[in-house]
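Worksheet: the structure to be examined is printed underneath.
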There are 2 protein chains.
Amino acid sequence: METWKKFDADGLTHSATHHLLAIEELGRQYGGWARVSDIARHLGITRGSVSISLGPLKERGLVEVDEHRMVKLSPQAQTMVDEVLAKREALERFLSQVLGLTPEQASVDSCKIEHLISPRAAERLVQFMKFIAGGDPAARELVQRFRQYEGDCPTDGNCAVCQGKCLLARLAEVPGAG
Amino acid sequence: METWKKFDADGLTHSATHHLLAIEELGRQYGGWARVSDIARHLGITRGSVSISLGPLKERGLVEVDEHRMVKLSPQAQTMVDEVLAKREALERFLSQVLGLTPEQASVDSCKIEHLISPRAAERLVQFMKFIAGGDPAARELVQRFRQYEGDCPTDGNCAVCQGKCLLARLAEVPGAG
DNA sequence: AAAAAGTGTTTGACACATCAAACACTTGTA
DNA sequence: TACAAGTGTTTGATGTGTCAAACACTTTTT
């Protein structure tokens, strides 16, 4: 009953995560270094906002600054960003390759979700994707079948999510799971 | 590059969602009616905060007020809450029954994620759970196998998420998917 | 009936994330 | 070289979500 308020993983807010991510992406061309202006453009916010947001990140040792005011991720921040990207990739693949969302929708959803899922969930999701994509033909075949499946449910659909296409209320437990 | 800022589904913020959810839960014993104090206790915030948060929800016609200052969800809000609960349940089941998280962790994660996933992702996730839990023995057996699977990866593990237990970078595409 | 406890609201404050506008400084162009 | 353009910061503002404290009102207890 108290957990719902805690919103940031590693003390990284959604906004901060995107600032670090932007530095990572922009820095690829310049040995990790990026400019405030480019970060702002990349995120679609003003230079002033970026300047302010970067303040706490510098203080926390996540962002380093040049004498030419170029900014760069600290090793610690780089690790955090790697984790974020790994989580996001696993999510994105699950959403597109298993659930069958368009790549665009999968990308949007995974961006929003990535920084909220627990490390354990991320780990298991990665393993799930390995499991599904791995050598086992049964797993691959099953995903193929699900991609065809549209879950047309013969019952009196009143599921709020799928609006008549399914009936969540009668969703059976996975036997022996949970 | 612009979507990352938009954060609320249906214009319902995370906070507003929880206020509505609290009214729904507390109202079960009193024909849908709840008190500000109880909502505050339930959410672990002050009465003042609830009072203020309820203001916009009243104006938007999502929350109705009694002459005794009891509050209740409007039909529209009830529908929204039903959707949220359905999404959350599908997520929670996926996390616990498929990925094998503890029920507690599954609950926490689904609470955080629920209001961010797109309708399409929610719909497909519900269908996925139906598919998995449905009559097909192959699907059920596969989930059982995954629950055993811990994804011990023989490669030089440098995956930031699973820290050596897997290698996300070499995660294969699901053939024919995406 | 009086005192105590509880309830809902309002106020002033803070943190976060954003903006526009002004400022000082650097870079690029004419 | 001078002027224009671009860059990074600062300031004052807004909106959201929270707090503590004060206030008025109602309910319960004594």
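Within every chain, numbering begins at 1; the chains are lettered A, B, ... in the order of the sequence lines, protein sequences first and strands thereafter. Because the structure is predicted, anything quoted here is derived from the model rather than measured.
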Rounded to whole angstroms, how far apart are [atom1] on [X] and [atom2] on [N]?
{"X": "B:Ile45", "N": "D:dA20", "atom1": "CD1", "atom2": "P", "answer": "12 Å"}
{"X": "B:Leu12", "N": "D:dG17", "atom1": "CG", "atom2": "P", "answer": "10 Å"}
{"X": "B:Leu43", "N": "D:dT16", "atom1": "CG", "atom2": "C1'", "answer": "16 Å"}
{"X": "B:Leu20", "N": "D:dG17", "atom1": "CG", "atom2": "P", "answer": "12 Å"}
{"X": "A:Ile39", "N": "D:dG6", "atom1": "CD1", "atom2": "C1'", "answer": "16 Å"}
{"X": "B:Glu67", "N": "D:dT26", "atom1": "CD", "atom2": "C1'", "answer": "15 Å"}
{"X": "A:Glu59", "N": "C:dA15", "atom1": "CD", "atom2": "C1'", "answer": "14 Å"}

request  = Rounded to the nearest 0.5 Å, what's the gap from CD1 on A:Ile23 to CG on A:Leu54? Could you check?
outcome  =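 Those atoms lie 5.0 Å apart.
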Residue pairs fulfilling side chain to side chain donor-acceptor pair (under 3.5 Å) with at least one residue in residues 66-76 of chain B, sequence neighbours excluded =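 Of all non-adjacent pairs touching residues 66-76 of chain B, none passes side chain to side chain donor-acceptor pair (under 3.5 Å).
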Minimum-distance pair of heavy atoms, taken over all atoms of A:Ser110 and A:Leu91 =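 Closest pair (atom of A:Ser110, atom of A:Leu91, distance): CB-CB, 3.7 Å.
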Side-chain N or O of [X] versus OP1/OP2 of [N]: is the shortest distance under 4.0 Å?
{"X": "B:Ser53", "N": "D:dT16", "answer": "no"}
{"X": "B:Thr46", "N": "D:dC19", "answer": "yes"}
{"X": "A:Ser15", "N": "C:dC16", "answer": "no"}

ask   = How does protein contact run along nucleotides 5-11 of chain C, one letter per nucleotide 5' to 3', with B for base contact, S for sugar-phosphate only, - for none, heavy atoms under 4.0 Å?
value = --BBBBB
query = Is the closest side-chain donor-acceptor distance between B:Arg124 and B:Gln127 under 3.5 Å?
reply =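 Yes, side-chain donor-acceptor contact under 3.5 Å.
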query = Can A:Arg93 be said to sit on top of A:Phe128's aromatic six-ring, NZ or CZ under 6.0 Å from centre and within 45° of the ring axis?
reply =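 Not satisfied by the 6.0 Å and 45° rule.
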ask   = Is there side-chain contact between A:Ile132 and A:Leu142, with at least one heavy-atom pair below 4.5 Å?
value =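 With C-beta onward as the side chain, the pair stays apart.
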ask   = Of the options A:Thr13, A:Leu43, A:Ile39, which is the one that meets A:His18 in a side chain to side chain contact (heavy atoms under 4.5 Å, CB included)?
value =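 Checked A:Thr13, A:Leu43, A:Ile39 against A:His18; only one passes side chain to side chain contact (heavy atoms under 4.5 Å, CB included): A:Leu43.
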task = Starting from the C-alpha separation in whole Å, work towards a yes-or-no answer on side chain to side chain contact (heavy atoms under 4.5 Å, CB included) for B:Val63 and B:His19.
result = CA-CA 10 Å; B:Val63 169; B:His19 280 75; over 6 Å; no
ask   = At how many degrees, to 10°, do the end axes of the helix from C:dA1-D:dT30 to C:dA30-D:dT1 meet when each uses five pairs?
value =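 It comes to 0° between the two terminal axes.
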inquiry  = Check the orientation of B:His14 and B:His115. Use parallel for under 30°, tilted for 30 to 60°, and perpendicular for over 60°.
reply    =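 Answer is tilted, since the angle falls between 30° and 60°.
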